[in-house]
Student: 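Here's a structure for you.
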Amino acid sequence: MSIPLQKHFDVIVIGAGPSGMMAAITCAESGSSVLLLEKKDRPGKKLLLTGHGRCNMTNLRIPGNFLESYHENARFLTSSFHAFPPEEVRELFQSLGVPSHEEDDGRIFPDSQQAATVCDALERALSDAGVKVLYSSAVSNVAKTGNDPEKKENFLVKTENDAYTSRAVILCTGGKSFPHTGSEGDGYHLAAENGHTVTALAPALAPILLSSFSDTSMDRREDCGAEFTLAGITLPDVGASLWIDGKKGRSARGDLLFTHQGVSGPAAMQLSRELPAVAGKYPEGKVRFVIDMLPDLREEEVEERLLSAMTENPNRHMKRLLCETFHLQEKAAILALSGETMDLSANEVRKEVRKTIVRNLKASAFDVEKCTPIDIAYVTRGGVNIKEISPKTMGSKIVEGLFFAGEVMDIDGISGGYNLQHAWASGRAAGKAASEYAQN
Ligand SMILES: Cc1cc2nc3c(=O)[nH]c(=O)nc-3n(C[C@H](O)[C@H](O)[C@H](O)COP(=O)(O)OP(=O)(O)OC[C@H]3O[C@@H](n4cnc5c(N)ncnc54)[C@H](O)[C@@H]3O)c2cc1C
């Protein structure tokens, strides 16, 4: 005879991503009975993809730089990050059998170099803490069972085939990107049905699609010859900026990777959240992606160096001269040369052409084709309005007993472990507060 499943819990956590698993573990360790409902057939599908499968778990620079790293809503994180800083995240994972190490720019990775180790450790911790986990259980509805202000009403949480009640609910359904991992934006509807507003959703940390890359893999410099494609080359440590309607917008610095559709890598990804959210293609020239291949030199300095290199080496082929003078890869040098200059030597280059080369080195401009689809963004910008959430407890200011954690909220960070740090810290804060609420 099968034992009927318990239907009432102190806390129900919706979504077994990093924030939901952290919330459920914290809640259960604080003494609450916890049900974790996950839509997919296993936990942490997106977590397994993080850091190219290596999981950049957090970042040690965060206490010092979080105000600029989480954009306009960074202040919301002060309390939760103070309560669960990156060092403590590392210690917790160490205690769960996941030692980690620091790589460049403060980024923390598990020593195993595998995201699966992080996910497995969380699964073990869920089981050790006594959390009841149900997979293939997509939540379709969350509502209070009554509205008597004098008593703490229970929540009724419905899945396709079942219904459960609880004192508190933590919504950890993630964003809307990489939908095959389960993050399809369900949490926005569940929050809205409970009176919350959801700010505009947009891609963040996404590749940028360039017009001339959309139909073929050739870049715009067709005059460089049919063999030439930028796809696959990486320009290390460049400056990049977005120009919208002729005005310079945000800039970023870092490595840039050309793909068959446009640009990726940190310098492009950081800027993607600034793309105007317009349906369809942008009109020609409206949004431009501008690359500064020599961000440490002013335009005049580039011109000076180029002129003196050309004077000293009058017979040197321009492509070679650019590579040697500015330590550029050959394809980057080609990008700075227009068709007719490609085969010239230095003494054949006129002043206007030299100026064009300098401009190309400092500001090679490409038309952006359209806003990147949110599906292929690493992170979703926008979400449940943080003005309606307490930053200390992650509790709803609208519905008592409802809590949030992770990307479902209107928070996004730069790349480098910043988004997982938010998932851990908000999961921990929500787990503690929901457990306390449910037991009092
Ligand atoms: C390719 C890629 C690489 C990344 N690399 C990094 C990195 O190295 N470092 C970093 O800091 N960040 C990284 N990120 C971002 C990071 O993965 C996310 O910010 C993080 O996973 C968010 O955690 P979350 O728990 O809020 O949501 P998610 O991880 O999206 O988890 C949400 C969970 O809720 C479940 N769910 C959704 N709706 C329902 C429902 N109705 N009922 C039940 N369950 C539901 C989903 O199935 C899912 O399991 C990366 C993202 C991507 C896509």
Side-chain angles (χ1 to χ4, degrees), residues 12-24 35-59 62 69-70 86 89 103 106-110 113-115 118-119 122 133-142 157-160 162 164 169-191 193 203-207 264 266 269 374-381 383-384 394 404-428 430:
I12 294 178
V13 180
I14 306 172
S19 65
M21 288 193 273
M22 183 59 73
L35 173 65
L36 173 58
L37 293 169
E38 165 58 45
K39 172 185 202 167
K40 291 289 184 180
D41 58 1
R42 56 153 305 146
K45 282 206 162 199
K46 190 175 278 180
L47 177 61
L48 292 173
L49 302 179
T50 58
H52 300 285
R54 294 201 302 130
C55 185
N56 183 185
M57 301 156 68
T58 182
N59 194 302
I62 286 174
S69 308
Y70 292 89
V89 170
E103 296 190 8
R107 295 180 304 149
I108 298 296
F109 289 87
Q113 304 279 18
Q114 284 180 10
V118 177
C119 198
L122 290 167
V133 189
L134 292 179
Y135 296 113
S136 305
S137 300
V139 171
S140 53
N141 189 257
V142 175
V157 176
K158 289 186 189 160
T159 63
E160 198 188 345
D162 247 312
Y164 309 90
V169 165
I170 314 179
L171 203 53
C172 312
T173 44
K176 210 174 183 307
S177 68
F178 279 59
H180 61 283
T181 63
S183 325
E184 294 176 285
D186 299 6
Y188 305 131
H189 305 296
L190 298 172
E193 281 163 12
L205 296 182
S264 183
M269 307 273 278
I374 205 163
D375 291 20
I376 59 169
Y378 278 25
V379 178
T380 302
R381 177 181 183 178
V384 180
M394 303 293 150
F404 299 90
E407 209 180 303
V408 70
M409 292 186 278
D410 180 8
I411 297 279
D412 63 287
I414 61 171
S415 94
Y418 291 77
N419 289 292
L420 282 176
Q421 171 61 29
H422 164 55
W424 310 131
S426 58
R428 178 90 143 190

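Just follow the structure's listing: the first ligand is 1, and inside any ligand the first atom is 1. Counting begins at 1 with the first residue of the sequence. Basis for what follows: all heavy atoms, side chains included, without hydrogens, waters or symmetry-related copies. Note that this is a predicted model, so its numbers are computed, not measured.
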Student: Heavy-atom contact check, 4.0 Å cutoff: does Val408 meet ligand 1?
Tutor: no
Student: Check each atom of ligand 1 against the heavy atoms of Lys40 and keep those under 4.0 Å away; list them by number with element.
Tutor: 47 (O)
Student: Please list the nearest protein heavy atom to atom 27 (O) of ligand 1 with its residue and the distance rounded to 0.1 Å.
Tutor: Gly174 CA, 3.3 Å
Student: Which ligand 1 atoms are under 4.0 Å away from a heavy-atom of Cys172?
Tutor: 32 (C), 33 (C), 34 (O)
Student: When rounded to the nearest 0.5 angstrom, what is the spacing between CD in Glu103 and CZ in Phe109?
Tutor: 4.5 Å
Student: State, with a plain yes or no, whether a side-chain heavy atom of Met409 is found less than 4.5 Å away from one of Ser426.
Tutor: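 Counting from C-beta outward, Met409 and Ser426 do come under 4.5 Å.
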Student: Could you identify the single nearest non-hydrogen protein atom to atom 31 (O) of ligand 1 and state the distance to 0.1 Å?
Tutor: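 Atom 31 (O) of ligand 1 sits closest to the protein heavy atom Gly17 CA, 3.4 Å.
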Student: Using a 4.5 Å cut-off on heavy atoms from C-beta on, say whether the side chain of Leu205 contacts that of Asp412.
Tutor: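 No; the side chains remain at least 4.5 Å from each other.
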Student: Using side-chain heavy atoms (C-beta onward) and a distance below 4.5 Å, is Arg381 in contact with Pro203?
Tutor: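 Result no, sub-4.5 Å side-chain heavy-atom pair not found.
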Student: Measuring only between side-chain heavy atoms, which start at C-beta, is Tyr164 closer than 4.5 Å to Thr159?
Tutor: yes
Student: Under 4.0 Å from a heavy atom of Leu37: give me the atoms of ligand 1 that qualify, with their elements.
Tutor: 43 (C), 44 (N)
Student: Taking the minimum heavy-atom distance to atom 14 (N) of ligand 1, which of Thr50, Asn56, Asp186 ranks first?
Tutor: Thr50
Student: Given side chains that start at C-beta, do those of Ser137 and Asp162 come closer than 4.5 Å, heavy atoms only?
Tutor: no
Student: Do Ser415 and Asn56 make a side-chain contact, defined as non-hydrogen atoms from C-beta onward lying under 4.5 Å apart?
Tutor: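 Counting from C-beta outward, Ser415 and Asn56 never come under 4.5 Å.
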Student: Students should be able to answer this: which protein heavy-atom is nearest to atom 51 (C) of ligand 1, and at what distance?
Tutor: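 Scanning the protein heavy atoms, the shortest distance from atom 51 (C) of ligand 1 goes to Tyr378 O, 3.3 Å.
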Student: Kindly identify the option in Thr173, Thr159, Asn141, Val139 whose heavy atom sits closest to atom 32 (C) of ligand 1.
Tutor: Thr173
Student: If you count the atoms of ligand 1 from 1 in the order shown, which ones are under 4.0 Å from a heavy atom of Asn419?
Tutor: 11 (O), 12 (N), 19 (O)
Student: Evaluate whether atom NE2 of His180 has more than 12 neighbouring non-hydrogen atoms of other residues, nucleotides or ligands under 6.0 angstrom away.
Tutor: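 Yes, the 6.0 Å shell around NE2 holds more than 12 heavy atoms from other groups.
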Student: Among protein heavy atoms, which lies nearest atom 34 (O) of ligand 1, and at what distance?
Tutor: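 Nearest protein contact, heavy atoms only, for atom 34 (O) of ligand 1 is Gly15 CA, 3.2 Å.
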Student: Which one of Glu407, His52, Met409, Lys45 has a non-hydrogen atom at the shortest distance from atom 22 (C) of ligand 1?
Tutor: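 Looking at heavy atoms only, Glu407 sits closest to atom 22 (C) of ligand 1.
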Student: For atom 25 (O) of ligand 1, which candidate among Ser183, Ser19, Ala16 provides the closest heavy atom?
Tutor: Ser19
Student: State, yes or no, whether a side-chain contact exists between Leu35 and Leu134 at a heavy-atom distance under 4.5 Å.
Tutor: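 Yes - at least one pair of side-chain heavy atoms lies under 4.5 Å apart.
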Student: Any heavy atom of Ser177 closer to ligand 1 than 4.0 angstrom?
Tutor: no
Student: Is Leu47 touching ligand 1 with its side chain, its backbone, both, or neither, if touching means heavy atoms under 4.0 Å apart?
Tutor: neither
Student: Show which atoms of ligand 1 fall inside a sub-4.0 Å distance from at least one heavy-atom site of Ile14.
Tutor: 42 (N), 43 (C)
Student: Relative to ligand 1, is Ser137 under 4.0 angstrom through side chain, backbone, both or neither, heavy atoms considered?
Tutor: backbone
Student: Side chain or backbone, does Leu420 bring an N or O within less than 3.5 Å of an N or O on ligand 1?
Tutor: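 By distance alone, the answer is yes.
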Student: Evaluate the side-chain proximity of Ser69 to Ile62: yes if any heavy-atom separation is below 4.5 Å, no if none is.
Tutor: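 SC-SC contact between Ile62 and Ser69 ruled out.
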Student: Just jot down the ligand 1 atoms closer than 4.0 angstrom to any heavy atom of Gly417, in number order.
Tutor: 9 (N), 10 (C), 11 (O)
Student: Show which atoms of ligand 1 fall inside a sub-4.0 Å distance from at least one heavy-atom site of Tyr418.
Tutor: 11 (O)
Student: If you take the nearest heavy atom of each of Gly44, Ala377, Gly51, which one is closest to atom 5 (N) of ligand 1?
Tutor: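 Checking each option, the heavy atom nearest atom 5 (N) of ligand 1 is found in Gly51.
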Student: Which option out of Met22, Lys39, Arg107 puts a heavy atom nearest to atom 45 (C) of ligand 1?
Tutor: Lys39
Student: Closer than 4.0 angstrom: is that true for some heavy atom of Glu38 and an atom of ligand 1?
Tutor: yes
Student: Might you point out which heavy atoms bring Asn419 and Tyr70 nearest each other, and give the distance in Å?
Tutor: N-OH, 4.5 Å
Student: Heavy atoms only: which of Gly182, Ser140, Ala405 lies closest to atom 37 (C) of ligand 1?
Tutor: Gly182
Student: What atoms of ligand 1 come within less than 4.0 Å of a heavy atom belonging to Gly406?
Tutor: 26 (O)
Student: Could you tell me whether Phe178 approaches ligand 1 through its side chain, its backbone, both or neither, with non-hydrogen atoms closer than 4.0 Å?
Tutor: side chain
Student: Which part of Pro43 is near ligand 1, with near meaning a heavy atom under 4.0 Å away: side chain, backbone, both or neither?
Tutor: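 Pro43 to ligand 1: no contact under 4.0 Å from either part.
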Student: Considering only the protein, which heavy-atom contact is closest to atom 23 (O) of ligand 1, and what is its distance?
Tutor: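 It is Pro18 CG, 3.5 Å.
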Student: To the nearest 0.5 Å, what is the distance between CE (Met57) and CG (Leu47)?
Tutor: 9.5 Å
Student: Work out which heavy atom in Glu193 is nearest to a heavy atom in Asn141; give both atom names and the distance.
Tutor: OE1-ND2, 3.6 Å
